[in-house]
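Notes for the one structure printed next.
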Number of protein chains: 2
Amino acid sequence: MDVARLAGVSQKTVSRVFNDEPYVSADVRRRVLDAAEELGYRRNNAARALASGRTRSIGVVTLGTALYGPASLIMGVERAARDTGYALRVVNTMEGDPAGVAGAVESLLDQGVDGIVISEPIDEGHEGDLSARVDMPVLVLGAPPILAPRALAAGTGADLMARTATEHLLELGHATVHHLAGPQRWYAARDRVEGWRAALTAHGRTVPPVVEGDWSAASGYAAGRELARDGEVTAVFAGNDDMAIGLIRALAEAGRRVPEDVSVVGFDDIPLAPYVTPPLTTMRQPFDAVAQEGLKRLVHAIENPQALPMPASDPPVDLVIRSSTAPPSTRMTPGRGRSAASRSSGGRHSPPRNGGSSHHG
Amino acid sequence: MDVARLAGVSQKTVSRVFNDEPYVSADVRRRVLDAAEELGYRRNNAARALASGRTRSIGVVTLGTALYGPASLIMGVERAARDTGYALRVVNTMEGDPAGVAGAVESLLDQGVDGIVISEPIDEGHEGDLSARVDMPVLVLGAPPILAPRALAAGTGADLMARTATEHLLELGHATVHHLAGPQRWYAARDRVEGWRAALTAHGRTVPPVVEGDWSAASGYAAGRELARDGEVTAVFAGNDDMAIGLIRALAEAGRRVPEDVSVVGFDDIPLAPYVTPPLTTMRQPFDAVAQEGLKRLVHAIENPQALPMPASDPPVDLVIRSSTAPPSTRMTPGRGRSAASRSSGGRHSPPRNGGSSHHG
DNA sequence: CTGAAAGCGCTAACAG
DNA sequence: CTGTTAGCGCTTTCAG
């Protein structure tokens, strides 16, 4: 190692300096740093990984989609990774990909990583294939910690959010609430169905059949055409905001006004939600917080193989009330059938605020 | 190497088998593969990288945002990477990050990569800092190929698209077109301003002052409140769809109907564009094609250091006409002042189609 | 077609 | 506080 020679020390000392190990005199440290600077030295990660058996990197499996939810989660993971000192290796699997999540994980294992993040996996029916082969910590975002002995989960709790959304509609006075769900292969979609069903059951309401979309506004639009035909439908909880927006458009075209005739609650709180017509009432998802906490726990598990995993904290439940929900029947009747959360004080058609009032539960 | 022992061959032969090198008898190849299978052997990438000096990975610098455009581009890159055999190492830089793109690149250099992709960089004023230090191929997406001797660019051409959008409005009969631009630190935003200005100048129209937003619907909304006050404004070209949607909302609240009083063209063609009110006329961006072609050229540059870089092809210019644009003045007058592109045949308020008619130029 | 030998640049374990 | 000695698991080079 040339830096060592230039600084007149041993290779090991250089190593110590670069790893911030103790027991290096200030003087030697300076000399080493200067020499490195002069030579434009940069330490070789491959060699480090080879010698130490650790790559200091985390593999990320993403679904190849620009959907707001998954994309936000990934961005959150990338942001959070910067603070952990781990590099990210990203591989991507798509719906319908024959290799699926298992193939993606396999390729991360080939690349060499110290831990794995799987974001919003879908149920492919053969997750078990991997369980035995993955002995490193695995963080599953937005799904149960299937797979692998050292699995962690974060970003669950969609069921509770779905329940809150449904109850908001119930408290407004709707007899029951229909659900426009995401594709049932997604765990995230299933959780929402469960929460919705739980709310209805708990309040003794009839549980209408689930309508299934594919997260897209187009599928929401198609579902909206169906639902518009049924005069009984006065409240719909949609599995995400995009579907809610397509749904609202279809309802409007069918002559059913939102929220006067039908109330709609979305899920995610996309940045556009306050600006569509009408501004959308929706459940805000704490993507950043979920990613950050999840990564913290993953890194802990990587660095403390023996220790117990850190406990997950419950994510906040945040209902943002805007203008797509109202009591049933034509007229808006202030003060009746309202939830504990206060509505935004401006009129229904006042300029959208970024937030809308929210209800932390 | 245990596989070698089990198969009764030398280490080198195993290496040959796994690298698909010629000169291995079918028999030996079989034995090696079987032995590897039995031992669950998986080749160590760190060792490979160390010995060969190549990491077979590409570094990606992203802006930490879930904005549709940048997110789609990244997804496109990830998808394209799967076919190249290169792994992806992603680091993320945020607006306002003091280290900026330079810091992100630096960290990729530390990690060791064979090439770099920088997606939609913003002008930070000190890009030059890196030029000298980066001797590997760099692909810049959505910006000029600044930085580094071996830089490539892809996904440019926004100026031409902006020009087409502006001309669509001019051909509809509008006297001039206002522009709601993205933040001018983004090269992508600047290109659109240029194209817009070029179109106006070429047609001898007055060039109104640029209104600058930050890509968000909120900023579009704010700009819309301003523009609504000016009765001269009959056509606006927005730098992206989110701003266009915020803008339309503000106009509507100010009593200016879209498209009857004001026409609006967006940029990106987000999946929601057909479902907002009114369905948005917009320029579709070919994110996937750009990412794929860019990556192909980058890999070519990595693997053929001496060869000339592959030439970039021009991306298609694709105007999707929906219902947010119309001739000026109240009534819609079919057949007058129209562009060569045919309008979608259904009425203005017919169910949104996924596409809308488009105009390839 | 196959093998032996020599590192790649670092860290780990142990001496000083 | 600092140095020595061995590898980590591959690819490369040169001989068979």
Side-chain angles (χ1 to χ4, degrees), chain A residues 1-57 85-87 109-114 136 302-303 305, chain B residues 1-57 85-87 109-114 136 302-303 305:
Chain A
M1 186 186 273
D2 285 339
V3 174
R5 260 217 321 281
L6 213 184
V9 299
S10 76
Q11 206 183 99
K12 176 63 214 180
T13 298
V14 174
S15 170
R16 275 199 261 264
V17 169
F18 276 91
N19 289 325
D20 282 323
E21 279 172 38
Y23 306 129
V24 185
S25 69
D27 169 52
V28 169
R29 168 163 274 129
R30 257 266 63 72
R31 269 196 348 254
V32 169
L33 257 20
D34 287 348
E37 169 74 13
E38 183 172 334
L39 267 38
Y41 168 76
R42 131 174 300 150
R43 95 188 149 194
N44 181 320
N45 242 279
R48 245 154 82 84
L50 180 56
S52 69
R54 297 183 41 204
T55 62
R56 290 165 188 78
S57 68
Y86 281 75
L109 260 24
D110 278 349
Q111 287 181 48
V113 292
D114 298 340
M136 64 189 65
I302 292 172
E303 295 178 350
Chain B
M1 186 187 275
D2 284 339
V3 174
R5 261 218 320 279
L6 213 185
V9 299
S10 76
Q11 205 182 100
K12 174 64 214 178
T13 299
V14 174
S15 168
R16 274 198 263 263
V17 169
F18 276 91
N19 289 325
D20 282 323
E21 280 172 39
Y23 305 130
V24 184
S25 69
D27 170 52
V28 169
R29 168 163 274 128
R30 258 265 62 74
R31 265 193 356 250
V32 169
L33 257 19
D34 288 347
E37 168 76 13
E38 183 172 335
L39 267 39
Y41 169 74
R42 139 171 295 147
R43 162 168 93 172
N44 181 319
N45 241 277
R48 245 153 83 84
L50 178 57
S52 69
R54 296 184 43 204
T55 62
R56 291 165 187 78
S57 68
Y86 281 75
L109 260 22
D110 278 349
Q111 288 181 46
V113 292
D114 297 341
M136 64 189 64
I302 291 172
E303 293 177 351

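Throughout, protein chains are lettered first and strands after them, A, B, ... in sequence-line order, and every chain is numbered starting at 1. Excluded from the calculations below are hydrogen atoms, water molecules and symmetry mates; all remaining heavy atoms, backbone and side chain alike, are included.
With sequence neighbours left out, Ala35(B) forms a side chain to side chain contact (heavy atoms under 4.5 Å, CB included) with Val3(B), Leu6(B), Ala7(B). Asp20(B) meets the salt bridge (charged side-chain N to carboxylate O under 4.0 Å, His left out) test with no other residue; sequence neighbours excluded. Remark: Asp114(B) engages Thr55(B) in a side-chain hydrogen bond (donor to acceptor under 3.5 Å, both in side chains) (not counting sequence neighbours). Under the salt bridge (charged side-chain N to carboxylate O under 4.0 Å, His left out) criterion, Arg31(B) pairs with Asp27(B), not counting sequence neighbours.
The CZ atom of Arg16(A) sits 10.5 Å away from atom CZ of Arg29(A), with the distance rounded to the nearest 0.5 Å.
Residue pairs meeting the salt bridge (charged side-chain N to carboxylate O under 4.0 Å, His left out) criterion with at least one member in residues 39-51 of chain B, sequence neighbours excluded: Glu106(A)-Arg42(B), Asp110(A)-Arg42(B).
Residue Ser15(B) has a polar side-chain atom (N or O) positioned under 4.0 Å from OP1 or OP2 of dT11(D). A close approach under 4.0 Å does occur between a side-chain nitrogen or oxygen of Arg48(B) and OP1 or OP2 of dT11(D). Here Thr13(B) does not reach the OP1 or OP2 of dT2(C): none of its side-chain N or O atoms lies under 4.0 Å away.
One can place CG of Asp110(B) at 15 Å from C1' of dC10(C), the figure rounded to the nearest angstrom. To the nearest angstrom, C1' of dC10(D) lies 14 Å from CZ of Arg54(B).
Here Asn45(B) lies out of heavy-atom contact (under 4.0 Å) with every strand.
Picking from dC10(D), dC1(D), dC10(C) the nucleotide with the shortest atom distance to the side chain of Ser25(A) gives dC1(D).
With hydrogens and angles left out, the side chain of Arg16(A) and the base of dG3(D) share a donor-acceptor pair within 3.5 Å.
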Each nucleotide N or O in nucleotides 6-8 of chain C that has a protein N or O under 3.5 Å away: list the pair and distance.
unit_1 : atom_1 : unit_2   : atom_2 : d
dC8(C) : O2     : Ala51(B) : N      : 3.4

